[in-house]
Structures are given as C-alpha cells and as structure tokens.
Amino acid sequence: MQIDILTLFPEMFSSPFSTGIFKRAIDRKLVRINIHNIRNYTHDKHHTVDDYTYGGGAGMILKPEPIFEAVESIKPEEIGDLTTILLTPQGRPFCQQIAQELSKYGHIILICGHYEGVDERVREHLVTDEISIGDYVLSGGELAAMVVVDAVVRLIPGVLGSEISPLDDSHATGLLEYPQYTRPAVYRGWSVPEVLLSGNHARIAKWRREQVILRTLERRPELLDKANLPPEERQLITELKERLSSSSKRGQNDYDIISQIKTKS
Ligand code: ADE
C-alpha cells in the first residue's frame, strides 16, 4: 500500500512512523508512506497557503491551488485503486469498518486541513471521501491522519505478524473484546478467573463469548443492536436485559448488576 499525506506540518509525522508497527511495515515494504509539504506547491514568494474567506468571516482557510497541485504531483499507478481523503470534522465518522474498507485500497492520499477549513472546491472536485475521527475540533487534520493510518496499516496482511489476529480486536466483530490476563495467576490477592487456568478450551471459549456480550452490554449496548448474532445469543441478551431491568426496579444500578452477573458466570 502507498499512503501520501499532504500537510503543512511534515515534521509532526517523523516520530510516529519511525517506531513500532509502522517501522516494521515500512522496513518490510508492506507500506510506503510519503509526506508532502503543501507549502512546496505555492508559487508566490511568501509561500502563501491560506487566505480570507469570501463574504467575510473570522479566520483563514486553505487556498485550493497548492492542494490541487500537490495531489496532482502524485502519480497514481491505478486510479481505481486510489482514494483521496480529506480529514475534517465534517467527514463520515471513522470506525473499524471504514478502516477495513480503506485497507483494501492500494493507494490512499490523505489531506490534512487547517485553520478554519479548506476551499470548498477541494471538497467538490478533488477528494473522493471525507473522514472525521470524532465530534470535536482539532487544530489540524494531522493527528486524525495518524489515527486513520494506524488503524488501516495494522490491517494490512503481514503487518502484525501471524501470531496476532486483527480479527479478534474490539470492534472487528462489532462487539468489544473479552478481558485478558497474563501471569502471575494471583497478583496482590487478585486471581485470574479460574476458567482461564482450567485448560478446557470449550469452557474458555464459552466464557470469553459471554464476557464479550456482557462487556458490550455494560459499556456500549447500542453495538449489540447492530451486531449479527445467532438466535441463542440474542436470547441470552434478552434474558440479561430482563435481569437488568428487574434489578434496577429494585434500586440497583446497571454496573452493580452486571458485576453480579459476571461473578456468577
Ligand atoms: N480536523 C479537525 N478536527 C478533525 C476531526 N475531528 N476529525 C478529522 N479531522 C479533523
């Protein structure tokens, strides 16, 4: 995969991409990341990248010419395999499903917006997608681009190594991941759940699946409504919810009730 990032602050990308999984992926030539300084595509002596907004209003916006020229300087090998994305709080909300979708492209161009935004013609005639990493406003698209690149690169086959499967990640299945423990088996008196030490793989698998459902119910119940689950798990959720609602009528809060259910299972 080739990733081209257009930014006014190229130095922001030097450290994240030179460590950890990025470095490994780059060294193994699984991904090539090029950083382009938008300012290099200006033609005036002051290297102007922003200007006042027509019609009046506070703040400056990014001019279209340097952004168009920077994108046009990148020669895609195959147009069909390319997506050109603007990072903006107005974009579609980023999630694991979009990360998976993007990981199928051979070439991604990411444009980091700045100041009060970008000239609308960039949206209308240059980009093919717009992504937001959350309902808050960052001072620029750089951190958002890093988030997107991180989530996408780890899905490229071979990047995580065969021992780790991104298919088990929280959200990969549409639900949250089960709790995990490592040695020691007892730490400060807190024990690892007995089932995990049992060596009984069927019991462990069942326990983990129940934990996935409980944890999602506890923290992100709306994910369960969207998930594709077999009828017996739907039935389990209905029962858990009934237990929750009858217990809450008795004045207990959801968190206490879920801890009780977890202890029992
Ligand atoms: N630029 C500024 N805020 C942003 C956000 N929330 N997501 C993506 N790009 C941004």
Side-chain angles (χ1 to χ4, degrees), residues 1-17 20-22 31 33-42 47-55 57-71 74 82-105 107-156 166 169-172 219-220 222-223 226:
M1 178 185 284
Q2 176 174 333
I3 300 176
D4 289 274
I5 301 174
L6 276 60
T7 172
L8 288 172
F9 299 99
E11 62 282 6
M12 282 181 75
F13 292 91
S14 53
S15 102
F17 294 156
I21 67 147
F22 286 122
V31 64
I33 303 179
N34 307 312
I35 312 292
H36 307 263
N37 190 341
I38 296 172
R39 214 173 278 284
N40 292 345
Y41 296 87
T42 53
H47 301 292
T48 312
V49 290
D50 57 338
D51 209 337
Y52 295 101
T53 173
Y54 274 121
M60 309 286 271
I61 59 163
L62 285 177
K63 291 163 66 59
E65 308 95 306
I67 301 180
F68 272 81
E69 289 187 33
V71 169
I74 301 162
L82 168 71
T83 178
T84 304
I85 303 169
L86 176 69
L87 282 316
T88 160
Q90 299 182 21
R92 51 185 183 135
F94 191 56
C95 61
Q96 191 64 23
Q97 201 189 328
I98 297 181
Q100 261 147 11
E101 181 192 310
L102 298 182
S103 72
K104 310 270 170 3
Y105 283 94
H107 191 178
I108 300 174
I109 298 179
L110 295 168
I111 304 171
C112 305
H114 248 275
Y115 307 115
E116 294 307 308
V118 299
D119 187 287
E120 191 64 18
R121 287 163 290 194
V122 169
R123 287 207 158 87
E124 289 171 344
H125 305 294
L126 187 64
V127 306
T128 51
D129 198 357
E130 297 180 42
I131 287 179
S132 161
I133 62 158
D135 289 341
Y136 40 80
V137 180
L138 301 165
S139 55
E142 283 75 12
L143 291 172
M146 287 177 213
V147 167
V148 170
V149 172
D150 188 310
V152 170
V153 166
R154 61 194 297 289
L155 296 177
I156 299 172
D169 290 341
S170 284
H171 295 295
R219 300 178 183 204
R220 299 289 306 277
E222 80 285 5
L223 296 178
K226 285 188 267 168

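Order of listing sets the numbers, starting from 1, for every ligand and every atom in it. The figures here come from the full heavy-atom set of this structure, side chains too, leaving out hydrogens, waters and symmetry mates. Numbering of residues begins at 1 and proceeds along the displayed sequence.
Counting only N and O atoms by type, the side chains of Glu130 and Thr88 include no donor and acceptor under 3.5 Å apart.
The shortest contact between atom 10 (C) of ligand 1 and any protein heavy atom is with Pro89 CD, 3.6 Å. Protein heavy atom closest to atom 6 (N) of ligand 1, with residue, atom name and distance, is Tyr136 O, 2.8 Å. What sits closest to atom 9 (N) of ligand 1 on the protein, heavy atoms only, is Thr88 N, 3.2 Å. In this structure, the protein non-hydrogen atom closest to atom 7 (N) of ligand 1 is Ile133 N, 3.0 Å.
The shortest N or O to N or O distance between Val137 and ligand 1 is not below 3.5 Å.
Close contacts of ligand 1 with Ala144, meaning ligand atoms under 4.0 Å from a residue heavy atom, involve 8 (C), 9 (N). Every atom of ligand 1 with a heavy atom of Leu138 under 4.0 Å away is listed here by number and element: 2 (C), 3 (N), 4 (C).
At a threshold of 4.5 Å between non-hydrogen side-chain atoms, the residues Asp50 and Leu8 do not count as touching. Two residues are said to be in side-chain contact when any heavy atoms from C-beta on lie closer than 4.5 Å; Val31 and Val152 fail this criterion.
Atoms CZ and CD1, on Phe17 and Ile33 in that order, are 4.5 Å from each other to the nearest 0.5 Å. To the nearest 0.5 Å, the span separating CD1 on Ile38 from CD on Glu69 amounts to 12.0 Å. Interatomic distance, Glu65 CD to Arg121 CZ, rounded to the nearest 0.5 Å: 8.0 Å.
Residue Gly140 places a heavy atom less than 4.0 Å from ligand 1. Note on ligand 1: Ile131 sits in its first shell, one or more heavy atoms being nearer than 4.0 Å. Within the structure, ligand 1 lacks Gly113 among the residues with a heavy atom less than 4.0 angstrom away.
One finds a salt bridge joining Arg123 and Glu120 here, because a Lys/Arg side-chain nitrogen approaches an Asp/Glu carboxylate oxygen to under 4.0 Å.
The aromatic rings of His36 and Tyr41 lie tilted to each other, with the angle between the two planes from 30° to 60°.
Residue Asp135 does not touch ligand 1, judged by heavy-atom distances below 4.0 Å.
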